[in-house]
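Start at 1 with the first residue, then count along the sequence. Whatever order the structure lists them in is the order used to number ligands and atoms, beginning at 1. Everything quoted here is computed from the prediction, not taken from an experiment.
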Amino acid sequence: MATFETVYRRSLADPAGFWEEAARDIEWIKPAEQVLDASGAPFYRWFAGGVLNTCHNAVDRHADGGRGDQIALVYDSPVSSTIQRFTYRELRAEVARFAGALAARGVGKGDRVVISMPMVPQAVIAMLACARLGAIHSVVFGGFAAAELASRVDHAKPKAIVFGSCGIEGGRVVEYAPLVNRALQLSAHQPEFCIVAQRLQAKAELLAGRDVDWDSAIAEAEPTGCVPVAATDPLYILYTSGTTAQPKGVVRDNGGHAVALRWSMTNIYDTGPGEVYWAASDIGWVVGHSYIVYAPLLAGATTVLYEGKPVGTPDPGAFWRVVAEHGVKTLFTAPTAIRAIKKEDPHGTYCARHDLSTLRYLFLAGERLDPDTYIWASDLLNVPVIDHWWQTETGWAIAANCMGIQPLPIKPGSPTKPVPGWDVRILGEDGAQLPVDRDGAVTVKLPLPPGALPTLWQADDRYIETYLSAHQGYYLTGDGGHIDADGYLFIMGRTDDVINVSGHRLSTGAIEEVIASHPDVAECAVVGVQDELKGQVPIGFVVLKAGADRDPSELHAELVQLVRDQVGPVAAFKRVEVVARLPKTRSGKILRGTMRRIADGQEYTVPPTIDDPKILDEITQTLAGTSQRS
Ligand code: COA
Ligand code: AMP
């Protein structure tokens with residue numbers, strides 16, 4: 001067995017050779033002419049000249065290659081009391097038919113399709129059907145408000161929207177049709193048609209001339225085969241929060257994505273054909289794209305699609321019931337889900353009721369894994385608990401303990417070491433590499449490995465400006481951290497205005513824009529403060545316009561509702577503080593970092609550039625007043 005160090009070193013010394021070898025696990029219609037095309041640097045292209053189809057590799061290949069009767073997808077939905085299984089052959093039939101339904105209505109290679117769906121099998125089928133046609137899907141998370149959906153529709157300009165009639169949030173039915181209708185009132189772009197997957201819990205009223213019922217669409221459709229696409233053609237766009245209100249459309253290509261994800265299944269997750277892999281996330285997030293849909297299927301494994309919560313559906317034993325019932329080997333979720341379980345079942349009473357003998361690994365990502373949660377989960381499950389660090393942009397882990405190469409000793413608080421392919425460097429403000437243990441900007445030396453974003457959708461300039469301009473030749477992750485003397489990476493948090501609420505990534509800028517639109521608000525700042533359950537939650541500091549004499553609880557309710565309506569419930573925006581002034585530098589920059597430290601009760605140094613240091617005391621007093629009241 002090769003050591004981790006050997007594999008890692010080889011991946012950086014000879015990236016083209018390394019990934020060419022990995023690409024042999026993918027079926028190509030035409031192999032790449034050039035594994036790494038650097039001619040357009042800093043835009044790099046993996047597997048240039050190669051032709052393949054991602055859906056073929058994820059579905060047809062297994063359906064025809066001896067796994068036709070193996071379960072590909074298990075849908076487990078405690079909220080609708082459903083368990084449904086699809087073999088690879090059945091999944092192929094569904095996907096081919098739905099692709100036929102899209103194709104019959106004119107969807108083809110390069111067209112965009114927005115998917116706004118709860119966690120139902122049709123969501124996975126719709127994604128794979130797009131891949132089959134070479135159409136580009138853009139899945140929008142159901143917890144966003146109509147305005148967020150509208151901005152994505154306007155940017156992606158989809159030919160079609162596929163939506164479900166409703167989602168089920170614990171015990172609450174969330175109707176999607178009003179959300180889509182409202183979004184399409186707000187957006188300038190209009191799709192040619194929508195396909196609606198009806199659910200019994202709340203049927204959508206179809207809009208004549210626009211909406212087609214899923215079942216009738218597939219009843220009339222002819223199954224369609226896989227369309228050859230270039231390795232460098234986009235597979236999907238996934239919008240993610242940046243520092244401004246306008247989300248960024250992360251592009252994923254077909255070839256690099258398939259190769260990297262297939263490689264990750266063996267080498268990071270140690271999970272292969274016929275084994276059961278469960279990512280307890282949502283298809284609206286990158287974890288759902290990569291590890292509910294594509295990677296397990298590319299590997300010929302069985303994937304679990306779970307529609308429920310870690311607690312309350314019906315109890316904190318829900319995850320353990322799913323593991324036992326479906327024989328899950330590898331579970332992947334966010335630390336917040338484990339914290340939610342720990343809070344309700346601190347002694348693991350519910351866990352003890354289930355046979356977890358198949359479980360080999362618990363992988364966690366999406367936010368920092370706090371050592372308490374790590375220790376609790378390790379003691380409870382008695383399997384390796386693996387923290388790994390990545391982002392929507394990268395599509396797969398930048399740092400992890402690679403279970404399929406050589407498990408390394410775990411250091412709580414660290415996602416272990418950079419994964420093969422990722423040349424991680426810690427840089428100071430002047431761009432110089434920092435010595436061990438010194439915190440700085442976590443960057444990745446270009447080129448990024450296959451699977452990472454090649455650019456932003458129709459925004460090459462923004463791609464360069466956001467990620468590549470801070471330090472020439474390096475990708476800026478937006479996270480701060482350090483590497484210790486053993487080469488272990490420690491991620492200390494975002495250095496920009498992105499926050500992480502229950503593993504969901506949000507822009508404080510987007511929330512600020514909404515709050516600032518309230519007629520009584522003169523200015524505001526939103527920062528993410530520590531939360532025991534959700535990791536971080538947003539808190540809004542608001543300065544009122546002169547003469548705005550408002551009842552504080554009324555104003556509070558209005559602002560909370562505004563953010564819920566404009567950004568979505570997922571922002572979990574519940575805390576507002578009215579302050580007389582915001583702390584700023586002399587040049588007018590709001591000191592969000594200092595405000596965050598005050599709100600977290602941490603020590604802070606008064607920034608030398610501050611305009612008026614007394615404001616910091618005022619904020620401390622305001623927050624102390626709130627905590628006394630609560
Ligand atoms: N559609 C509609 N609404 C949604 C939604 C969706 N898909 N997802 C979340 N929401 C709503 C929730 O119902 C909640 O609404 P409420 O304010 O009316 O209660 C709100 O958005 C906040 O959701 P969430 O942050 O998920 O809080 P929660 O209290 O419902 O659950 C956890 C807390 C920890 C159980 C939950 O966040 C969880 O399971 N997290 C796992 C993390 C995860 O999957 N991360 C993805 C990256 S790996
Ligand atoms: P997202 O794009 O939603 O996956 O969010 C990515 C961000 O989440 C990263 O930039 C980090 O700030 C944070 N994050 C993800 N995984 C981890 C982890 N294992 N440890 C610390 N932070 C993490």
Among side-chain atoms of Tyr236 and His289, is any donor-acceptor pair under 3.5 angstrom?
no
Residues in side-chain contact (heavy atoms from CB on, under 4.5 Å) contact with Val436, at least two apart in sequence or another chain
none
Under the side-chain contact (heavy atoms from CB on, under 4.5 Å) rule, what do Phe573 and Ile511 come out as? Steps first, then yes or no, please.
CA-CA 9 Å; Phe573 180 72; Ile511 303 174; 4.2 Å; yes
Residues forming a side-chain contact (heavy atoms from CB on, under 4.5 Å) with Tyr176, sequence neighbours excluded
Ser116, Pro118, Phe163
Determine, counting only non-hydrogen atoms of the protein, whether one lies under 4.0 angstrom from atom 19 (O) of ligand 1.
no
Among Thr303, Val124, Leu261, find the one that has a side-chain contact (heavy atoms from CB on, under 4.5 Å) with Tyr294.
Leu261
Under 3.5 Å, is there a donor-acceptor pair linking the side chains of Tyr306 and Thr313?
yes
Between Phe319 and Trp278, is the ring centroid distance below 6.0 Å?
yes
I'd like the contact residues of ligand 2, where contact means a heavy atom below 4.0 Å.
Gly366, Glu367, Arg368, Asp387, His388, Trp389, Trp390, Gln391, Thr392, Asp479, Ile491, Arg494, Asn500, Arg505
No-hydrogen, no-angle side-chain donor-acceptor test under 3.5 Å, Asp270 and Tyr361
yes
Protein residue, atom and distance nearest to atom 22 (C) of ligand 1, heavy-atom basis
Pro569 O, 3.6 Å
Should you measure from each heavy atom of Glu169, which atoms of ligand 1 turn up under 4.0 Å away?
2 (C), 3 (N), 4 (C), 5 (C), 6 (C), 7 (N), 8 (N), 9 (C), 10 (N), 11 (C), 12 (C), 13 (O)
One residue to check: Lys574. Relative to ligand 1, which of side chain, backbone, both or neither has a non-hydrogen atom less than 4.0 Å away?
side chain
Looking only at protein heavy atoms, identify the closest one to atom 15 (O) of ligand 1 and say how far it is in Å.
Arg172 NH2, 3.4 Å
Who's the nearest protein heavy-atom neighbour of atom 29 (O) of ligand 1, and how far?
Lys534 NZ, 3.8 Å
Examine ligand 1 and decide if any of its atoms is less than 4.0 Å from a heavy atom belonging to Val311.
no
Under 4.0 Å from one or more heavy atoms of Ala334, ligand 1 contributes atoms 42 (C), 45 (N), 48 (S)
Can we call the ring centroids of Phe363 and Tyr291 under 6.0 Å apart?
no
Below 4.0 angstrom from a heavy atom of Pro310, which ligand 1 atoms are there? Numbered from 1 as shown, please.
35 (C), 39 (O)
Counting from 1 in the order shown, the ligand 1 atoms closer than 4.0 Å to a non-hydrogen atom of Lys309 are 26 (O), 28 (P), 30 (O), 31 (O)
For ligand 1, is there an N or O atom under 3.5 Å from any N or O atom of Thr336?
no
Return yes when at least one protein heavy atom is under 4.0 Å from atom 36 (C) of ligand 1, and no when none is.
no
Please determine whether a side-chain nitrogen of the Lys or Arg among Lys248 and Glu393 lies less than 4.0 Å from a carboxylate oxygen of the Asp or Glu.
yes
In ligand 1, which numbered atoms sit nearer than 4.0 Å to a non-hydrogen atom of Gly503?
47 (C)
Heavy atoms only, cut-off 4.0 Å: how does Ala572 contact ligand 1, side chain, backbone, both, or neither?
neither
Trp285 heavy atoms, cut-off 4.0 Å: which ligand 1 atoms fall inside?
46 (C)
the protein heavy atom lying closest to atom 42 (C) of ligand 1 turns out to be Ser502 O, 3.3 Å
Determine whether the aromatic ring centres of Phe144 and His504 lie less than 6.0 Å apart.
no
Might you work through the salt bridge (charged side-chain N to carboxylate O under 4.0 Å, His left out) test for Arg368 and Asp370, ending with a clear yes or no?
CA-CA 6 Å; Arg368 180 173 170 267; Asp370 52 290; 5.8 Å; no
Close N or O approach (Arg564, ligand 1; < 3.5 Å)
yes
In this structure, atom 8 (N) of ligand 1 is nearest to the protein heavy atom Phe141 CZ, 3.3 Å
Asp437 and His482 side chains, donor-acceptor separation under 3.5 Å
no
Filter on salt bridge (charged side-chain N to carboxylate O under 4.0 Å, His left out), then keep only pairs touching residues 557-569, sequence neighbours left out; what's left?
Arg550-Glu558
Taking 4.0 angstrom as the limit, do Arg321 and Asp315 come out as a salt bridge?
no
Taking only non-hydrogen atoms of Ser281 and a 4.0 Å limit, the atoms of ligand 1 in range are 44 (O), 46 (C), 47 (C), 48 (S)
